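Everything on this sheet refers to the single structure shown next.
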Amino acid sequence: WDVNSGTKMIALGEGIRENSRGAEAFAFHPNGKLLATDCDKNALRLWELPSGRLLQNLTGHEKSIWNNSIVMCGGLNFTPDGRYLVSCGTDDTVRLWEIPSGNLIATLQHKNLSCMALSSDGHRVATADASIIQLWEIPSGNNVGVIMGALGPQCLTFHPSKDYLAYGNAFSVIVYDCASKGELVSFDHKGPVKAVAFSPDGRFLASAPERSFRDISVHVMEIPSGRSVADLPPPFYAGVYFIFDGLCISNAEGRRTVLEFPSLREITSFAHEHNSSSNMSTAWHANGLVATTGKPAMSGASIDLWRVGVE
């Protein structure tokens with residue numbers, strides 16, 4: 001869709017309707033001409049944009065892919081150079097795929113895998129379970145580090161330029177300095193944190209609470225000082241993202257609202273046609289493209305493409 005005009009750009013419907021779950025994870029290729037999605041039988045699909053033509057099926061995962069309904073860095077990510085696709089599955093594996101061949105080049109095993117993040121340079125992947133975070137090299141798949149005592153990380157994100165890794169757990173947001181191997185700064189969130197996101201310039205970190213905690217706001221803090229710069233009060237939110245110079249938040253009904261940052265002036269908002277509660281999954285591209293899908297079980301559900309303009 002073009003959010004400003006209300007015009008739908010394209011709907012990738014037929015391939016999605018073949019899958020009873022619908023597509024729940026997406027990633028745009030850096031050139032904006034390719035969209036990766038999960039699909040039927042735990043496979044991945046590559047779609048040509050803007051035609052919507054199906055190009056390839058990638059098989060290997062034994063269970064479904066982590067979705068993008070809450071965390072921006074969900075189950076699928078392309079590396080910035082576009083050479084590799086990283087997929088995170090509920091089969092406790094992260095798999096690396098070569099693009100455009102679609103060859104599986106590495107499988108990373110992490111028991112009780114709960115979340116994943118890809119570094120901004122595309123050279124590392126972080127994976128987490130209830131107690132540790134592991135760092136892996138791309139494309140070799142070698143394990144290059146372990147962060148112990150992470151206290152149940154539920155979401156991860158890398159800093160865009162520095163060697164920092166932020167994660168949210170049941171009580172707080174922590175920024176870890178991978179170079180010095182120690183905590184840089186933390187913030188007590190007073191409840192489970194389900195989404196974290198650095199601003200494009202790395203100066204700010206936004207965090208969003210678990211959906212069920214209605215009295216906890218989205219929080220934005222300055223990095224590395226930890227100074228609080230914004231709190232977005234309830235109604236509660238289920239996700240938070242930085243896009244361009246804007247901040248996007250998602251509420252429990254699945255509506256996405258884009259705010260100018262740091263003024264927090266609303267620019268636009270949108271929701272999927274078949275949306276139901278917070279099941280809407282979302283992926284973003286730097287050129288303003290947004291991919292969304294509604295409730296997976298919804299009959300006739302599709303992936304819709306939108307374009308958001310932030311001036």
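Sequential numbering from 1 along the given sequence is applied to the chain's residues. As the structure is a computational prediction, the values presented were derived from the model and not from experiment.
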Exercise: identify the closest heavy-atom pair between [X] and [Y]:
X    : Y    : answer
V193 : S172 : CG2-O, 3.8 Å
C115 : C155 : SG-N, 3.7 Å
T93  : L113 : O-CD2, 3.9 Å

* Asked: Taking atom types as modelled and ignoring hydrogens, do the side chains of R53 and S51 form a donor-acceptor contact shorter than 3.5 angstrom?
  -> no
* Side chains of S87 and H61: do they bring a donor and an acceptor to under 3.5 Å? -> yes
* **F187 CZ: over 12 foreign heavy atoms closer than 6.0 Å** => yes
* Structure fact -> With sequence neighbours left out, the residues meeting ring-ring contact (aromatic ring centres under 6.0 Å, His included) with H110 are none
* To do: Please list, chain by chain and in numerical order, all residues satisfying ring-ring contact (aromatic ring centres under 6.0 Å, His included) with Y84, sequence neighbours excluded.
  => none
* **N143 (side chain) donor-acceptor with G145 (main chain) under 3.5 angstrom** => yes
* Asked: Counting distance only, does the side-chain N/O of H29 pair as donor-acceptor with the main-chain N or O of G82 below 3.5 Å?
  ->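 Yes; at least one donor-acceptor contact below 3.5 Å.
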* To do: Using a 4.5 Å cut-off on heavy atoms from C-beta on, say whether the side chain of I147 contacts that of Y176.
  => yes
* **Check: F261 ring centroid to F204 ring centroid under 6.0 Å** => yes
* Salt bridge check: are K181 and D163 linked by an N-O gap of less than 4.0 Å? ->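 The answer is no: the pair does not qualify as a salt bridge.
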* Would V229 and V218 show up in the same hydrophobic cluster when neighbours are defined by side-chain heavy atoms closer than 4.5 Å? -> yes
